[in-house]
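Since the structure comes first, as structure tokens, the remarks are kept for the end.
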Amino acid sequence: MKLLSKQFFSFDSEIVAKNLVWKTIQVWNKRGIIIETEAYKQDCDQASHAFWKKTTRNALMYETYGFVYVYLIYGMYYCLNFTTDKNKAGAVLIRWIQDIQTNKIYDGCGKVCNYFQIDKKFNGLDLQNNDKIKIYDNWIKIKNIKVATRKWISKATDKLWRFIWEI
DNA sequence: GAATAGATCCGC
DNA sequence: CGGATCTATTCA
């Protein structure tokens, strides 16, 4: 399997989020298929961490693409993101994955991070250059990607930036 | 310094 | 539906 290129993450987060569905994610020695993603942008997206201005937390979104962005939400759950967009601050949130070995579904970014044992230490890792987490291309093309509004947010709820692989 | 909201999940 | 539980950011 081929590692996704740096360029893959250089586009608008909406594009990257859509393209990430059905890709293979490997963390430590566990492998899963990405089932659902959400895109977060800089412009016109009040739900994004990067909407207002650059801060210490969202700096990665501004400064990088193809890097891991992890943060703690509600004091108990980690959320796994990948930074995107060469020209703007952007990120893609990984919401669902399915384990390749067991076929178990982990539906929710807190559950995904719990399963993969992802914590704050993953923040800032370069997807091209680390031995903990990797995203591989998948040569099988799927057509039935469903587009929907994002979940669990209070702002910009009209944006159709959630992408789900549907059987 | 204090207050607040949050890209969540679980259990009642 | 409400609680858990913490931190980055905002407000005074």
Distance, rounded to the nearest Å, where A/K41 contributes NZ and B/dA7 contributes C1': 16 Å
Classify A/K159 by what it touches in the nucleic acid, base, sugar-phosphate, or nothing, heavy-atom distance under 4.0 Å. nothing
Between A/I25 and the options A/V112, A/I33, A/I133, the side chain to side chain contact (heavy atoms under 4.5 Å, CB included) test singles out A/I133
Only Watson-Crick and G-U wobble pairs, only distances under 3.5 Å, only runs of 3 or more: what stems does that leave for DNA chain C? B:1-6 with C:6-11, B:8-11 with C:1-4
Run the salt-bridge test on A/K54 and A/E63 with the 4.0 Å N-O cut-off and return the result as yes or no. yes
Nearest-nucleotide wise, let me know which of A/K54 and A/Y74 is further upstream toward the 5' end of DNA chain C. A/Y74
Look at all strands and tell whether A/I153 reaches a base, only sugar-phosphate, or nothing, counting heavy atoms closer than 4.0 Å. sugar-phosphate
From NE2 of A/H49 over to P of B/dA7, roughly how many Å is that when rounded to an integer? 5 Å
Between C1' on B/dA7 and CZ on A/R57, what's the gap in Å once rounded to a whole number? 9 Å
Nucleotide range of DNA chain C contacted by chain A, 5' to 3', under 4.0 Å to a heavy atom? C/dA4 to C/dT10
Side-chain donor-acceptor contacts of residues 88-102 of chain A below 3.5 Å, not counting sequence neighbours, with atom names and distances?
residue: A/K88; atom: NZ; partner: A/D43; partner atom: OD2; Å: 2.8
residue: A/R95; atom: NH1; partner: A/E36; partner atom: OE2; Å: 2.3
residue: A/Q98; atom: NE2; partner: A/N103; partner atom: O; Å: 2.9
residue: A/D99; atom: OD1; partner: A/Y115; partner atom: OH; Å: 2.3
residue: A/D99; atom: OD2; partner: A/Q101; partner atom: N; Å: 2.8
residue: A/D99; atom: OD2; partner: A/T102; partner atom: N; Å: 2.9
residue: A/D99; atom: OD2; partner: A/T102; partner atom: OG1; Å: 3.3
residue: A/T102; atom: OG1; partner: A/K104; partner atom: N; Å: 3.2

Audit row: A/Y71, A/Y69, ring pair (Phe, Tyr, Trp, His ring centres under 6.0 Å) steps and yes/no: CA-CA 7 Å; A/Y71 61 89; A/Y69 174 46; 5.6 Å; yes
Looking at A/K159 and A/D45, is there a salt bridge between them, counting it only when a charged N and a carboxylate O are closer than 4.0 Å? no
Checking B/dG6, B/dA7, B/dC10 against the side chain of A/Y77 (C-beta onward), the nearest is B/dC10
